[in-house]
S.K.: 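Take this structure first; my questions come after.
So that the names make sense, note that chain A is the first sequence line, chain B the second, and so on, each numbered from 1. Heavy-atom basis, side chains included; hydrogens, waters and symmetry copies ignored.
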Number of protein chains: 2
Amino acid sequence: MEWRREAQDGQGHGKEFVKILLQEYARMEAEDFKKFAKEMIEYITNYLENIRERRVLPTIEPGYMKPLLPSEAPRTAEKWEDIMSDIERVIMPGVTHWHSPKFHAYFPTAQSYPAIVADMLSGAIACIGFTWMASPACTELEVTMLDWLGQMLDLPKEFLACSGGKGGGVIQGTASEATLVALLGAKAKKIKEVKEQHPEWTDNEIIGKMMAYGSCQAHSSVERAGLLGGVKFRLLKVDSKNKLRGETLAEAIREDKEKGLIPFYVVVTLGTTSSCAFDRLDELGPVANRESVWLHVDAAYAGSAFICPEFRYLMKGIEKADSFNFNPHKWMLVNFDCSTMWFKDPTFVINTFNVDPLYLQHDMQGSAPDYRHWQIPLGRRFRALKLWFVLRIYGVENLQKYIRSHIAQAHEFEALVLSDSRFEIVAEVILGLVCFRLKASNDVNEALLKRINGAGNIHLVPSKINDVYFLRLAICSRMSESSDILYSWKEIKQRADEVLEEHSVSK
Amino acid sequence: MEWRREAQDGQGHGKEFVKILLQEYARMEAEDFKKFAKEMIEYITNYLENIRERRVLPTIEPGYMKPLLPSEAPRTAEKWEDIMSDIERVIMPGVTHWHSPKFHAYFPTAQSYPAIVADMLSGAIACIGFTWMASPACTELEVTMLDWLGQMLDLPKEFLACSGGKGGGVIQGTASEATLVALLGAKAKKIKEVKEQHPEWTDNEIIGKMMAYGSCQAHSSVERAGLLGGVKFRLLKVDSKNKLRGETLAEAIREDKEKGLIPFYVVVTLGTTSSCAFDRLDELGPVANRESVWLHVDAAYAGSAFICPEFRYLMKGIEKADSFNFNPHKWMLVNFDCSTMWFKDPTFVINTFNVDPLYLQHDMQGSAPDYRHWQIPLGRRFRALKLWFVLRIYGVENLQKYIRSHIAQAHEFEALVLSDSRFEIVAEVILGLVCFRLKASNDVNEALLKRINGAGNIHLVPSKINDVYFLRLAICSRMSESSDILYSWKEIKQRADEVLEEHSVSK
C-alpha cells in the first residue's frame with residue numbers, strides 16, 4: 001500500500017494521499033435519527049409505565065448474552081430498526097429492573113423523565129467542561145445549581161459560591177470520588193501544616209504516619225478511599241444504634257497521637273448503607289475542629305431528605321464540616337451520575353490536582369472555577385442540565401413531597417412488619433430503609449432472602465451487623481405507592497411461611 | 001410540628017404520621033415527557049445540522065449567567081415549554097460549540113446520533129452495574145463490546161475476554177482514570193514482589209522508593225496520576241521528534257536503581273496532546289518487560305485510528321504492554337464518557353479495589369466480572385449501549401472511512417500551510433492534528449492565536465515545546481469537510497495578515 005508508506009515517511013500531504021483517504025462514508029442522517037429517537041421515546045415510556053409487569057430479577061445465567069450476539073462487530077451499517085428489535089431479545093432478559101416498585105435492594109438510584117430529556121441536550125452539546133473557557137455555560141450553570149441545591153438544604157453560607165467567599169459546590173461522579181477527593185485535599189493540607197513544624201521530615205515520612213477515621217459502618221468506598229490515597233484508615237466502633245460518637249473519635253485520636261501518628265481526616269456518615277444510621281455529627285464536629293482534622297460528611301443517600309426542614313435535625317452540626325456530599329442521583333430524581341459536593345475552602349483540593357499545561361490555560365482563569373481542579377478525571381459532561389431540568393419540572397415542594405411519600409411508605413412497611421410477631425425491626429426507621437428479620441437464626445434469614453430473590457418477584461439485599469444477619473427493604477422506585485408496599489409485604493410473608501415450614505419440618 | 005418530634009423519637013410509624021407524609025405530588029407524566037422529548041429531538045437536530053452558523057466561541061464574560069437565572073430554585077413546578085425557551089436565552093450564549101467544524105481546539109470529543117439514542121435507553125434502564133447481579137446485561141454487553149472493539153484494533157488475544165484467559169476490557173470514565181487505575185495496579189503488584197524479597201520492609205518504605213516514568217510530552221493527567229497515587233513520577237526527555245525512546249527509559253531506570261529506588265510503572269503515550277507524537281513502544285516494551293515495570297499504553301486520541309490497519313504500525317510492540325487505553329469518546333463517535341481499557345491480567349487492579357461488603361455480594365461471583373473492582377468509582381452507568389449502537393449503526397467500514405476522512409483533512413490543511421511561505425509545520429502530521437506557526441517570534445504567534453480566538457470564527461489552542469510556541473489545529477467535528485478546512489485556513493491567513501501588518505508597523 002503506497003499511502004501507508006507515505007504516512008510512515010511523514011510525506012502524507014500529497015494530493016494522491018488525500019484523494020485516497022477522502023472517501024465518502026455513510027452516517028446516520030438527521031431524519032433517521034428523528035425516527036429512531038422517537039421510536040425510542042415510545043419504547044422507554046412503554047417500558048417505564050409498565051415496569052411492574054416485568055419480573056424484577058432476570059432468570060438468566062452468567063454468559064447468557066454471548067450466544068445472542070455476533071462474535072465480531074458488523075463490517076457494514078445496520079438499520080436502526082434492527083437495534084430496536086434487539087432490545088427485547090438481547091438486553092431486557094438480562095436487566096435487573098432498578099426502577100420497578102418491586103426493587104428494594106441497595107439504595108435507590110434516581111431516574112426521571114426530565115433528567116432523560118436533559119441528558120439528550122447534554123449529549124447534543126457534548127462539551128467537555130474542564131475549564132470555564134471550554135464551555136462557560138457548563139461551568140456557570142453548575143455553580144448556580146449547586147447554590148440552588150445548597151440553599152434547598154439550608155447548608156451554611158460558607159459552602160455556597162453566592163456567599164462571595166471561598167466556598168462552593170461541584171458535581172462529582174460518585175460519592176466514592178467525593179470521599180477520595182476530600183481525603184486528598186485533607187492530606188495535602190496536613191502535609192503542609194506538619195512541614196511548617198518539621199521542615200526536616202519528608203512527605204513520605206509524614207504520609208506514613210497519617211491516619212484517617214470513619215465508622216465501621218461507613219460505606220465500603222470510605223475504606224477504599226484510604227487504600228487509593230495510600231494512607232492508613234481506622235474504622236471505629238459505633239454505639240448501640242450504629243452511630244459513631246464524638247468520644248470514640250476523641251479517644252482514637254488521643255491513642256494515635258501518643259503513638260506518634262498524625263490524624264488528618266474523618267468521614268462522618270449520615271445514613272449508613274447497612275442500616276441508615278446517622279453518626280453524631282454534632283459531637284464529632286467539635287472534636288475534628290479541635291484536632292485540626294478535616295471533617296467530610298458523606299450523606300450520599302440521606303442528603304436528599306434534608307430538602308425537607310423536618311429532617312435537617314439529622315445534620316445538626318454541619319457548620320463544623322469542611323466538605324459535604326450527597327447524591328441527587330440516589331433519591332432526588334436526577335439520573336446517575338450527579339454526586340454534589342461542597343467545600344468551605346477548595347484551595348487544597350485545587351492545589352492537589354493542579355497540573356496546568358498551556359493547552360488548558362485561558363485568559364479568564366481565576367474569574368470562574370476551572371472544575372478540572374476539583375475532581376479526579378479531567379473531562380466532564382454537562383451534568384448541571386439534569387439538575388436544572390429536574391428542579392424546574394418538579395419544583396422544591398414536589399420534591400419534598402416525593403421524599404416524604406417514600407418515608408411514609410417505609411413506615412407503612414415497618415408497621416406491617418411489626419404487625420407480624422414472627423418478625424422484628426432491627427434498626428430505627430428514619431428515612432426510606434427498613435431493616436428487619438425473622439426472629440430466628442441467621443441461617444433461617446439467609447434462607448428467606450434466598451427464597452425471596454429466587455422467586456424474583458421482588459428484590460432485596462441483606463446486611464449484617466454484629467453478626468446479626470438481616471434483610472434491607474429500601475423504597476426505591478419513583479413510581480412506588482402504598483399498594484406496592486403491600487405487594488412486597490405479602491410476598492415476604494409467603495416466602496417466610498415456606499421457609500419456616502421447611503425449617504420446622506427439617507428439625 | 002408534631003410529626004417532626006415523632007420522627008426524632010423514632011416513633012414515626014403511627015398512622016397519623018403516615019397520613020401526613022403520604023401527600024400527592026405532581027410529577028412529569030408520560031404524555032408530557034413524550035411531547036418534551038420530541039420537542040428536544042427537533043431542537044437538537046436543528047442545533048446540530050445548523051451548527052456552522054453559530055459563532056464557535058461565545059462572547060460573554062465570566063458571570064454572564066447569574067443575572068439570567070433566579071437566585072433560588074422554583075418552589076412549584078414549571079412548564080417544560082419554559083425550559084425549552086430558556087435554552088437559547090440562558091444556555092446557548094455561553095456554549096463553546098465543540099461539534100462545529102470551526103472548532104479545532106484540544107482533541108475531538110465524540111458525538112453522534114446513535115450514541116444519543118443509546119443514552120436515552122441507558123437513562124431509562126438507569127441501572128447501576130457495580131456487580132454482575134445488579135444488572136447482568138450491563139456487564140455482559142460491556143464484556144462483548146470490549147471484545148468487539150479489541151478485535152477491531154487487532155489487539156493481542158491476551159487482552160480479550162473471548163480468548164478465555166485472564167485478560168479483558170472495561171469502560172472507564174476518562175483516560176485520566178485509566179492511567180491512575182493502571183498505576184495503582186502496578187503499585188500493588190510491585191509492593192508484593194518487593195515484599196517477597198524484603199519481608200522486613202514496610203509498605204511505606206517501599207512506596208517511598210517507587211518510581212514511575214512517562215515522557216515529558218505526556219498528558220498532564222499522567223503526572224497527576226503520580227500525585228494522586230502518592231508516588232514519584234519522572235518525566236523523561238524525548239528525541240527530536242518528541243518521542244520517548246527505549247534507551248532513555250533504560251538509562252533512567254539504571255540511574256534510579258543505583259540510587260536504591262524501585263522502578264514500577266511506565267506510561268507510553270501514543271499520540272501526545274501537544275503534537276501527536278508517538279513514543280517508541282517497540283523500544284520501550286522490551287525495557288519495561290526486562291525490568292519488571294508495568295507498561296501502560298495511553299492512546300487516548302490515537303487509538304481510534306488503529307481500527308484502520310494502515311495505522312497500526314503506530315502501535316508496534318503492543319504485545320509487550322500490560323494495559324492499553326483509548327477513548328472512543330474522542331474520535332470514534334461514542335459520546336463522552338467511554339474510555340476503553342484492556343488488561344492482560346487485571347488481578348492486581350481487582351485486588352487493590354476489592355472491598356467487599358455483604359450487600360454487594362451475590363451468588364454468581366467469579367463467573368463474570370464485577371466491574372466495580374476494575375475502577376475508582378463504585379457506581380457505573382450502562383455505557384456499553386453507546387458502543388453497541390454506534391458500532392452497529394456505522395459498521396466498522398464506515399468508522400474506518402470516518403477516521404481516514406479526518407486524517408485526509410489534516411493533510412489538506414497541512415498542504416495549505418506549506419503553500420504559504422510565512423508559515424511552517426512544526427511536527428509531522430500523522431493523524432488529525434496539524435501543529436504550525438508563523439516563521440516569527442513566539443510573541444507574534446501568541447498574538448495570532450489571540451486574534452483568531454478573539455474573532456471567534458474558529459477556535460484553536462496553542463502549545464509549546466522546547467520554548468517554541470505554536471498553534472494546534474485538530475480536525476474535530478464529525479461534520480467537518482474539505483470546505484471547512486478551507487474556511488479555517490482563510491480565517492487564519494486573514495488574522496496572520498493583520499498581525500504581521502501590526503507587527504511591522506509597531507517595529
S.K.: Name the member of A:Leu69, A:Val117, A:Thr174 that forms the most heavy-atom pairs with chain B at distances under 4.5 Å.
M.R.: A:Val117
S.K.: Does any non-hydrogen side-chain atom of A:Met120 lie less than 4.5 Å from one of B:Ile41?
M.R.: yes
S.K.: With a 4.5 angstrom heavy-atom cut-off, could you sort out which part of A:Ser112 is near chain B: side chain, backbone, both or neither?
M.R.: neither
S.K.: Nearest 0.5 Å, please: how far is CD1 in B:Ile376 from OG in A:Ser176?
M.R.: 10.0 Å
S.K.: Using non-hydrogen atoms only, which part of A:Ile116 is less than 4.5 Å away from chain B: side chain, backbone, both, or neither?
M.R.: side chain
S.K.: Counting only N and O atoms by type, is there a donor-acceptor contact under 3.5 Å from the side chain of A:Trp98 to the main-chain atoms of B:Ala134?
M.R.: yes
S.K.: Check whether A:Glu140 reaches the backbone of B:Met65 with its side chain - one donor and one acceptor, N or O, closer than 3.5 Å.
M.R.: yes
S.K.: Rounded to the nearest 0.5 Å, what separation is found between the CZ atom of A:Arg75 and the CE atom of B:Met152?
M.R.: 8.0 Å
S.K.: Rounded at 0.5 Å granularity, tell me how far CD in B:Glu49 sits from CD in A:Glu29.
M.R.: 7.0 Å
S.K.: Identify which of B:Ile125, B:Leu57, B:Leu391 forms the greatest number of heavy-atom pairs closer than 4.5 Å to chain A.
M.R.: B:Ile125
S.K.: Which atoms of A:Tyr469 come close to chain B, meaning under 4.5 Å heavy atom to heavy atom: side chain ones, backbone ones, both, or neither?
M.R.: side chain
S.K.: Sort out for me which of B:Glu177, B:His329, B:Gln151 touches chain A most, counting heavy-atom pairs under 4.5 Å.
M.R.: B:Gln151
S.K.: Counting heavy-atom pairs closer than 4.5 Å to chain B, which one of A:His219, A:Lys464, A:Lys66, A:Lys450 comes out on top?
M.R.: A:His219
S.K.: Do A:Arg27 and B:Leu333 come within less than 4.5 Å of each other through their side chains, counting heavy atoms only?
M.R.: no
S.K.: Where on A:Phe336 is there a heavy atom nearer than 4.5 Å to chain B: the side chain, the backbone, both, or neither?
M.R.: both
S.K.: Heavy-atom distance under 4.5 Å to chain B: side chain of A:Gln400, backbone, both or neither?
M.R.: side chain
S.K.: Given that the side chain runs from C-beta out, which part of B:Ser71 has a heavy atom under 4.5 Å from chain A: side chain, backbone, both or neither?
M.R.: backbone
S.K.: Any side-chain heavy atom of B:Ile60 sitting closer than 4.5 Å to one from A:Pro136?
M.R.: yes
S.K.: Check side-chain hydrogen bond (donor to acceptor under 3.5 Å, both in side chains) between B:Arg478 and all other residues, then give those that pass, not counting sequence neighbours.
M.R.: B:Gln111
S.K.: Please report the C-alpha distance between B:Phe389 and A:Met40 in whole Å, then the side-chain angles of each, then the deciding distance to 0.1 Å, and finally whether the side-chain contact (heavy atoms from CB on, under 4.5 Å) criterion is met.
M.R.: CA-CA 12 Å; B:Phe389 279 36; A:Met40 186 58 81; 3.8 Å; yes
S.K.: Examine whether an atom of B:Tyr47 lies under 4.5 Å from a heavy atom of chain A, and if so say whether it belongs to the side chain, the backbone or both; otherwise answer neither.
M.R.: side chain
S.K.: For each of A:His97, A:Arg380, A:Met92, tally heavy-atom pairs with chain B at distances under 4.5 Å, and name the one with the top tally.
M.R.: A:Arg380
S.K.: Measure A:Pro93 against the heavy atoms of chain B and call it side chain, backbone, both or neither at under 4.5 Å.
M.R.: neither
S.K.: Should B:Lys34 and A:Thr45 count as side-chain neighbours, where that means a heavy-atom distance under 4.5 Å?
M.R.: yes
S.K.: Check each atom of A:Glu72 against the heavy atoms of chain B and say whether the ones under 4.5 Å are side chain, backbone, both or neither.
M.R.: both
S.K.: Most heavy-atom pairs under 4.5 angstrom with chain B, which of A:Ala175, A:Cys127, A:Gly230?
M.R.: A:Cys127
S.K.: Is it the backbone or the side chain of A:Thr96 that comes under 4.5 Å from a heavy atom of chain B, or both, or neither?
M.R.: both
S.K.: Below 4.5 Å from any heavy atom of chain A, which atoms of B:Pro377 appear? Answer side chain, backbone, both or neither.
M.R.: both
S.K.: What part of A:Thr109 is in contact with chain B, defined as an atom under 4.5 angstrom from a non-hydrogen atom: side chain, backbone, both or neither?
M.R.: side chain
S.K.: In Å and rounded to the nearest 0.5 Å, what is the CD1 to CG distance from A:Ile91 to B:Leu385?
M.R.: 5.5 Å
S.K.: Do A:Pro62 and B:Trp132 touch side chain to side chain, with heavy atoms closer than 4.5 Å?
M.R.: yes
S.K.: Which bit of A:Asn398 comes within less than 4.5 Å of chain B, counting heavy atoms only: side chain, backbone, both or neither?
M.R.: both
S.K.: Under 4.5 Å from any heavy atom of chain B, what part of A:Asp147 do you find: side chain, backbone, both or neither?
M.R.: neither
S.K.: Decide yes or no for A:Ile44 and B:Phe33: does some side-chain heavy atom of the first lie under 4.5 Å from some side-chain heavy atom of the second?
M.R.: yes
S.K.: Less than 4.5 Å to any heavy atom of chain B: does that hold for the side chain of A:Asp82, its backbone, both, or neither?
M.R.: both
S.K.: Keeping the roles fixed (side chain from B:Glu397, backbone from A:Thr76), state whether a donor-acceptor pair exists under 3.5 Å.
M.R.: no
S.K.: State whether the side chain of A:Asn204 and the backbone N or O of B:Ile207 hold a donor-acceptor pair below 3.5 Å, judged by distance alone.
M.R.: no
S.K.: Under a 4.5 Å cutoff for heavy-atom pairs, which residue among B:Leu378, B:Thr202, B:Ile393 has the most contacts with chain A?
M.R.: B:Ile393
S.K.: For B:Tyr64, is it the side chain, the backbone, both or neither that has a heavy atom under 4.5 Å from a heavy atom of chain A?
M.R.: both
S.K.: Counting heavy-atom pairs under 4.5 Å with chain B, which one of A:Asp32, A:Val90, A:Leu141, A:Val461 comes out on top?
M.R.: A:Leu141
S.K.: Given that the side chain runs from C-beta out, which part of A:Tyr106 has a heavy atom under 4.5 Å from chain B: side chain, backbone, both or neither?
M.R.: side chain
S.K.: Check each atom of B:Ile83 against the heavy atoms of chain A and say whether the ones under 4.5 Å are side chain, backbone, both or neither.
M.R.: both
S.K.: Is the backbone of B:Ala124 close enough, under 3.5 Å, to the side chain of A:His99 for a donor and an acceptor to pair up by distance?
M.R.: no
S.K.: CD1/A:Ile87 to CG/B:Leu121 distance, rounded to the nearest 0.5 angstrom?
M.R.: 5.0 Å
S.K.: Looking at side-chain heavy atoms only, is the closest gap between A:Tyr113 and B:Trp80 below 4.5 Å?
M.R.: no
S.K.: Counting heavy-atom pairs closer than 4.5 Å to chain B, which one of A:Gly173, A:Cys138, A:Ala73 comes out on top?
M.R.: A:Ala73
S.K.: So do the side chains of B:Trp148 and A:Pro70 get within less than 4.5 Å of each other, counting heavy atoms only?
M.R.: yes
S.K.: Which one of B:Leu149, B:Thr273, B:Asp337 has the most heavy-atom pairs closer than 4.5 Å to chain A?
M.R.: B:Thr273
S.K.: Distance from B:Tyr394 atom OH to A:Met28 atom CE, nearest 0.5 Å?
M.R.: 8.5 Å
S.K.: Using modelled atom types only, decide if a donor and an acceptor are shared between the side chain of B:Arg381 and the backbone of A:Asn335 within a distance under 3.5 Å.
M.R.: no
S.K.: Side chain, backbone, both or neither: which part of A:Ala110 has a non-hydrogen atom closer than 4.5 Å to chain B?
M.R.: backbone
